[in-house]
Structures are given as structure tokens and as C-alpha cells.
Amino acid sequence: MFSFGNLSFLRKQESIKNMQTKDLHSWDLSYSQAIALQKSVACKVQFTPLKKLPKLIAGIDCAFSKDGKKIIAAVVVLKLPDFVPAETTTALRKVTFPYIPGLLSFREAPVCIAAVEKLKTGPDIFIIDGQGIAHPRRLGLAAHLGLFFNKPTIGCAKSRLTGYFEDPPLEKGAYTLLKDKKSVNQNTQYAIRDYRCSS
DNA sequence: GCGACAG
DNA sequence: ATCTTGTCGC
């Protein structure tokens, strides 16, 4: 039986845009409730194209203390298009949530948010160390933070969480699709379910 | 029922 | 994530 905190912002799914950092600390929900809430939030996500080119881009990554009891987030803001460093911040929190594949947000989002809230500049877009919508419920850490910040985010994970893919050619701009089965069959479906029209 | 599984 | 050891490629 699991019981975890840090889920109130999902509880307030009807007002994602107004979520506050303080909302991240007060509720205890079960593992299955957390999953249900991720699905519920993902239902409401809509994609909107960028209207103008970003001028500031931020990168976020987390590290842990040697004893594993503290989590540290660092944010680096770069000016575009020349990538000149503009600002950096860090934040440190106690670790309050275990690592569970699919629920990384509840472990890393709070400290990431704390670090971003220290920024004096307002980045137009974020690159985040984790999956975005390439997630079983379309709500990886990067997608989650994108909703929280109400800004575009790019999930930049170092390995696969869900689905299968073939390595793309080693050429600039090359890509392959994430599929739902370990197969070279071209007819396999796209791995990332769309929750916008389902429960 | 069993394996897979971001950081 | 972090640590440690073993293997591989340049």
C-alpha cells in the first residue's frame, strides 16, 4: 500500500494554469490515484503552435545528494539565437517521493519549479531532463512542467520509458517514430495514446 | 501471470 | 539518480 504527497496540483486539475508551488505539498494519494489523475490531466491538454520565435531558452536538470536524501535542481537560461548564458538558479529540497517509472514528476517537479521561480528572466521555452508526452499517460515530467509553467517544453530523456523505436540514421534531422510494439513492422501503431477523447 | 520501467 | 566494475572502440 503506497501513500504519497505532492499531488495536490493534479487534484486541482480544473485550474492547471493557476497552480502554485504551495499546492505541491499537502495531499496523500495512492499510486493508482496518481495514475488516474495523470490521465485526467492529459485529457485536457491541447497543443498550441508557437506564435513567435523564442528569445530565451532554459534547461533544467536534477541531481541528488550522496545520501540520496536531498534533490537539487539547476536552471540555465540562454539567450537565443547565440546561446549566450543569461541567468542560472538552483534549488534544494528534501526528497519526499520515491522513483517510480511513470511518476517521476512527483519526485522532481517541485524542486524544478522552485528553481524556475527564482529566475528574474522569463524563459520562452524549456528543455527538461525527462520524457514529455512520450509517457504511458502522456504526462511525463517535461509535459507536466509545461502545463505548470504554461510554456512550451521539450522532453529530453536519455533513454526510453515506453514504446519501441529503431535507431534513426546518423544524419542531421533524421528521426524515427516511437511505436507500441517491439517490431519492425511498419504497421504498428504510434505508441503514445491520445487521452484527449478518452477517460 | 510476467516483464518493462524517464530519473 | 549514483556507485562500481568490466568491456569495447578509437
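Order of the sequence lines sets the chain letters (A, B, ...), proteins ahead of strands, with each chain counted from 1. Hydrogens, waters and symmetry mates are skipped; everything else that's a heavy atom, side chains included, is used.
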Just by modelled atom types, is the A:E166 backbone N or O under 3.5 Å from a matching donor or acceptor in the A:T176 side chain? yes
Any sub-3.5 Å donor-acceptor pair from A:T153's side-chain atoms to A:F126's backbone N or O? no
Contact between A:F97 and A:L103 at the side-chain level, heavy atoms closer than 4.5 Å - yes or no? yes
Is there a side-chain contact between A:F106 and A:T96, using heavy atoms and a 4.5 Å cut-off? no
Determine the contact category for A:G102: base if any of its heavy atoms lies under 4.0 Å from a base atom, sugar-phosphate if only primed atoms, P, OP1 or OP2 are that close, otherwise nothing. base
Quick one: label A:A63 by what it contacts on the DNA or RNA (base, sugar-phosphate, nothing), any heavy atom closer than 4.0 Å. sugar-phosphate
How many Å lie between CG on A:L103 and C1' on B:dA4, as a whole number? 15 Å
B:dG7 P sits how many Å from A:R93 CZ, rounded? 22 Å
Of the nucleotides [options], which has the atom closest to the [X] side chain?
X: A:F64; options: C:dA1, B:dA6, B:dG7; result: C:dA1
X: A:Q131; options: B:dA6, C:dA1, B:dG7; result: B:dA6
X: A:L161; options: B:dG7, C:dC3, B:dA6; result: B:dA6
X: A:K158; options: B:dA6, B:dG7, C:dC3; result: B:dG7

Return no unless some side-chain N or O of A:T162 is found under 4.0 Å from OP1 or OP2 of B:dA6. no
Is there ring stacking between A:Y99 and C:dA1, where the centres must be under 5.5 angstrom apart and the planes under 30 degrees? no
